[in-house]
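Written below as structure tokens is the structure these notes are about.
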Amino acid sequence: NGVVSCYYTQLLPGASQTITLVGEVSAAMVGSMDNQASVAADTFDTSTVNNTATASVFVTPEIVLPTVSWLSPVSDEGIFYITRDIMHEIIRLEAQASDNVQIEQVRLYRYDVTTNNYVDIAIFTNPPYVSNLDPAVLHLFWNQVFVKAYDSSGNESERKRILLFKYLLLHLPVAAR
């Protein structure tokens, strides 16, 4: 519930004035919303039948989910191999997100098998959604990295995953007898 007061200082006899009020409705507001306007005059009003007006608006929720996908180092569900040759090179993570209204946030995160927790890599509020990842923070073998988008209405995208496979190949010399 809210009250808005506005004042119009001078209106000539017999004249009328339309006043438009614009307001925002919370994304959580769904259903019928009634608005009532009342007019009061500082002077004698001979006709009071037009001093109150009511308008109803039905607010529908914004339910379109944002979409997100991986661009780099591989596309959705792809596997990126981190070998000894590139073990010390930074990995560029890049995602794209879209929504019918507005993207509020994009989150890049990974699963840490040692702590059994999800660890944020980066959180963005504006594109581009690009971050660098040092392979030294990753464990040997499989690493899951996710991206998820959130829109301004509170909707969440499906999370998309890529796999980073970190391994070391050791070449041992073979001696002939």
Quiz item: Between I86 and P135, which heavy-atom pair has the shortest distance, and what is it?
Solution: O-CG, 4.4 Å
Exercise. Decide yes or no on side-chain contact (heavy atoms from CB on, under 4.5 Å) for V64 and V101, but give the supporting numbers first.
Key: CA-CA 9 Å; V64 177; V101 178; over 6 Å; no
Quiz prompt | Exercise: do D112 and H139 side chains pair donor with acceptor under 3.5 Å | solution = yes
Quiz item: To the nearest 0.5 Å, how far apart are OH in Y109 and CZ in F146?
Solution: 6.0 Å
Practice problem: Could you tell me whether the side chain of S153 and the main chain of E62 form a donor-acceptor pair under 3.5 Å? | Solution: no
Quiz item: Between CD of E156 and NZ of K148, what distance do you get to the nearest 0.5 Å?
Solution: 4.0 Å
Quiz item: Would a hydrophobic clustering, with Ile, Leu, Val, Met, Phe, Trp and Tyr connected at side-chain separations under 4.5 Å, put Y167 with L163?
Solution: yes
Self-check item: Beyond-backbone contact of S72 with L93, side-chain heavy atoms, under 4.5 angstrom
Solution: no
Quiz item: Taking atom types as modelled, is there a side-chain donor on Q102 or D151 under 3.5 Å from an acceptor on the other?
Solution: no
Donor-acceptor list for residues 74-82 side chains, cut-off 3.5 Å, not counting sequence neighbours:
{"from": "D76", "atom 1": "OD1", "to": "W70", "atom 2": "N", "distance (Å)": "2.7"}
{"from": "E77", "atom 1": "OE1", "to": "R161", "atom 2": "NE", "distance (Å)": "3.4"}
{"from": "E77", "atom 1": "OE1", "to": "R161", "atom 2": "NH2", "distance (Å)": "2.8"}

Self-check item: Qualifying residues under salt bridge (charged side-chain N to carboxylate O under 4.0 Å, His left out), relative to E104, sequence neighbours excluded
Solution: none
Quiz prompt | Residues forming a side-chain contact (heavy atoms from CB on, under 4.5 Å) with Q96, sequence neighbours excluded | solution = S69, L71
Quiz item: Do you know which two heavy atoms are closest between D134 and I90, and how far apart they sit?
Solution: CA-CD1, 3.9 Å
Self-check item: Closest approach of K166 to L138 (non-hydrogen atoms, all atoms of both residues)
Solution: NZ-O, 2.8 Å
Quiz item: Between V137 and I162, is there a shared hydrophobic cluster once you connect ILVMFWY residues whose side-chain heavy atoms come closer than 4.5 Å?
Solution: yes
Practice problem: Applying side-chain contact (heavy atoms from CB on, under 4.5 Å), run through S157 and L65 and close with a yes or a no. | Solution: CA-CA 6 Å; S157 71; L65 300 179; 5.7 Å; no
Self-check item: Side chain to side chain, Q144 and L164, heavy atoms closer than 4.5 Å
Solution: no
Quiz item: Is it the case that one hydrophobic cluster holds both V113 and I91, taking links as side-chain heavy atoms less than 4.5 Å apart, direct or via other members?
Solution: no
Quiz item: Rounded to the nearest 0.5 Å, what separation is found between the CG atom of N132 and the CD atom of E89?
Solution: 12.0 Å
Quiz item: In terms of hydrophobic clusters joined by side-chain contacts under 4.5 Å, are I103 and V130 together?
Solution: no
Quiz prompt | Enclosure of I63 CD1 (heavy-atom neighbours >12, cutoff 6.0 Å) | solution = no
Quiz item: I123 and R107: which non-hydrogen atoms are nearest, and at how many Å?
Solution: CG1-CG, 4.1 Å
Quiz item: Any donor-acceptor pair under 3.5 Å linking the side chain of N117 with the backbone of T115?
Solution: yes
Quiz item: Is it the case that one hydrophobic cluster holds both I121 and V147, taking links as side-chain heavy atoms less than 4.5 Å apart, direct or via other members?
Solution: yes
Self-check item: Smallest separation among heavy atoms of P66 and A149, with atom names
Solution: CG-O, 3.7 Å
Self-check item: Atom pair CG (L108) and CD (E94), whose distance is rounded to the nearest 0.5 Å
Solution: 10.0 Å
Exercise. If the plane angle is over 60° it's perpendicular, under 30° parallel, otherwise tilted; pick one for F165 and W142.
Key: tilted
Exercise. Evaluate the side-chain proximity of V68 to E158: yes if any heavy-atom separation is below 4.5 Å, no if none is.
Key: no
